[in-house]
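Note sheet for the following structure.
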Amino acid sequence: MRTFLLIPVFLSAAGQARAQAVMDALNATAWVQTSVEYRAGALQAWRSARLSLDRALKDKRWTAALEQTADARRLPPAIIVDIDETVLDNSPGQARFLLDSNGRYSQKLWEEWTSESCAEPVPGAKEFLAAAAARGVTVFYISNRGTQEAAATRRNLVEKGFPVRETTAGGLGDAVLLRGERPEWTSDKSSRRAAVAARYRVLMLCGDDLNDFFPARLKPGERMSRARAYDSWWGERWIVLPNPMYGSWEDALYEFDRTLAPAEIQQRKLKALRTR
Ligand SMILES: [Mg+2]
């Protein structure tokens, strides 16, 4: 394995790895905030969703949720979306980590950011979800934001014009389902998808992370092979948004071990590269 200095300055190996992690985050956040390519990718995703909405509504056997195991033909239609980097753009929060926390994730800074309820919609998200709601589709927001962020999150969605139903079928409460709002609602989103699928026919899943589609705390190869069975669902039943800033794709490269030093994480990523 070739090794090389990514940041050839007079820093310790750990210092270089930390500096490189900051540069990675800078690049990803700059891409989201400034590139036409990011905006176009997001618009393209939501346009795909709009193009398959008619068929999804008409075909009563159509479902997008693997948790939908019972006959759903008579159930009302729903769409499940993730929140962060799917319908709300948190790149300013990422920029705060870069500028105020030396590139490190900070729970305090994150909660300051979400408490301001000022995240802008991801391009195209609001328009698609409004169009779906106008067709009688209930939009469910399944997010791993915590209960302490609940009020500010709902306020952000409502103030930016997203359709947020206050009552839904079968005693589920409102249409925002956050981690920990019920004991069984863990960070694995499948119990919440199952709760929706028991009451609604799920037309689409929309997210920026593989966990928004199925439980994906798996090795990179297993993530890829399991997802391949659903290649024909992307852009129709499963709508994926670009997010280069963070995600389980990255954690999978180092077995979800966030205690590892940045230098070790960088070595694992280098080992994962192919040169042909
Ligand atoms: Mg997300």
Side-chain angles (χ1 to χ4, degrees), residues 24-25 28-29 31-33 38-39 41-46 48-49 64-67 78-97 105-107 109-111 113-126 128-129 139-150 152-154 156-157 160 162 164 175-181 185-193 196 202 204-218 223 227 233-235 237-253 256 258:
D24 291 349
T29 308
W31 188 73
V32 170
Q33 292 199 339
Y38 166 73
R39 181 178 164 75
L43 289 173
Q44 193 167 266
W46 292 115
S48 306
L66 302 181
E67 294 82 3
I79 287 174
I80 295 175
V81 299
D82 166 53
I83 294 180
D84 296 321
E85 279 42 82
T86 298
V87 303
L88 292 181
D89 166 15
N90 299 291
S91 61
Q94 300 295 315
R96 294 181 190 190
F97 298 156
Y105 178 81
S106 151
Q107 188 66 24
L109 287 180
W110 172 258
E111 290 187 17
W113 157 251
T114 59
S115 74
E116 294 168 23
S117 303
C118 63
E120 292 294 332
V122 165
K126 190 174 67 176
F128 168 69
L129 295 176
V139 179
F140 280 93
Y141 301 84
I142 296 186
S143 165
N144 280 342
R145 288 191 180 192
T147 50
Q148 72 283 13
E149 300 170 281
T153 298
R154 285 171 169 85
N156 196 161
L157 290 169
K160 295 298 176 185
F162 284 96
V164 181
V176 182
L177 315 184
L178 302 183
R179 174 174 53 86
E181 286 187 324
W185 291 358
T186 61
S187 61
D188 180 332
K189 294 180 169 179
S190 44
S191 61
R192 282 173 280 170
R193 280 193 296 268
V196 174
V202 180
M204 289 175 206
L205 304 178
C206 312
D208 66 298
D209 192 290
L210 199 50
N211 286 296
D212 298 325
F213 304 92
F214 61 81
R217 202 177 166 87
L218 303 165
R223 290 160 63 87
W233 284 21
W234 297 113
R237 297 176 202 217
W238 289 359
I239 305 297
V240 69
L241 279 295
N243 177 9
M245 300 182 293
Y246 63 87
S248 62
W249 69 270
E250 183 186 2
D251 303 272
L253 293 177
F256 303 89
R258 290 190 177 170

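Read the numbers this way: they start at 1 and go in the same order the structure lists the ligands and their atoms. The first residue in the sequence is number 1, and the count goes up from there.
The atom name of the N/O/S atom in D208 closest to the Mg ion (ligand 1) is OD1. Its N, O or S atom nearest to the Mg ion (ligand 1) is what matters here, and for D84 that atom is O.
Taking the centre of each ring, W113 and F97 stay at or above the 6.0 Å mark.
Aromatic ring pairs are classed by plane angle as parallel below 30°, tilted from 30° to 60° and perpendicular above 60°; the pair W238 and F214 is tilted.
When the options R192, K189, R145, R179 are evaluated for a salt bridge (Lys or Arg N to Asp or Glu O under 4.0 Å) with D82, the one that passes is K189.
The nearest N, O or S atom of D82 is closer to the Mg ion (ligand 1) than 2.8 Å.
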Practice task
List the steps and the verdict of side-chain contact (heavy atoms from CB on, under 4.5 Å) for W110 and D84.
Solution key: CA-CA 12 Å; W110 172 258; D84 296 321; 3.6 Å; yes
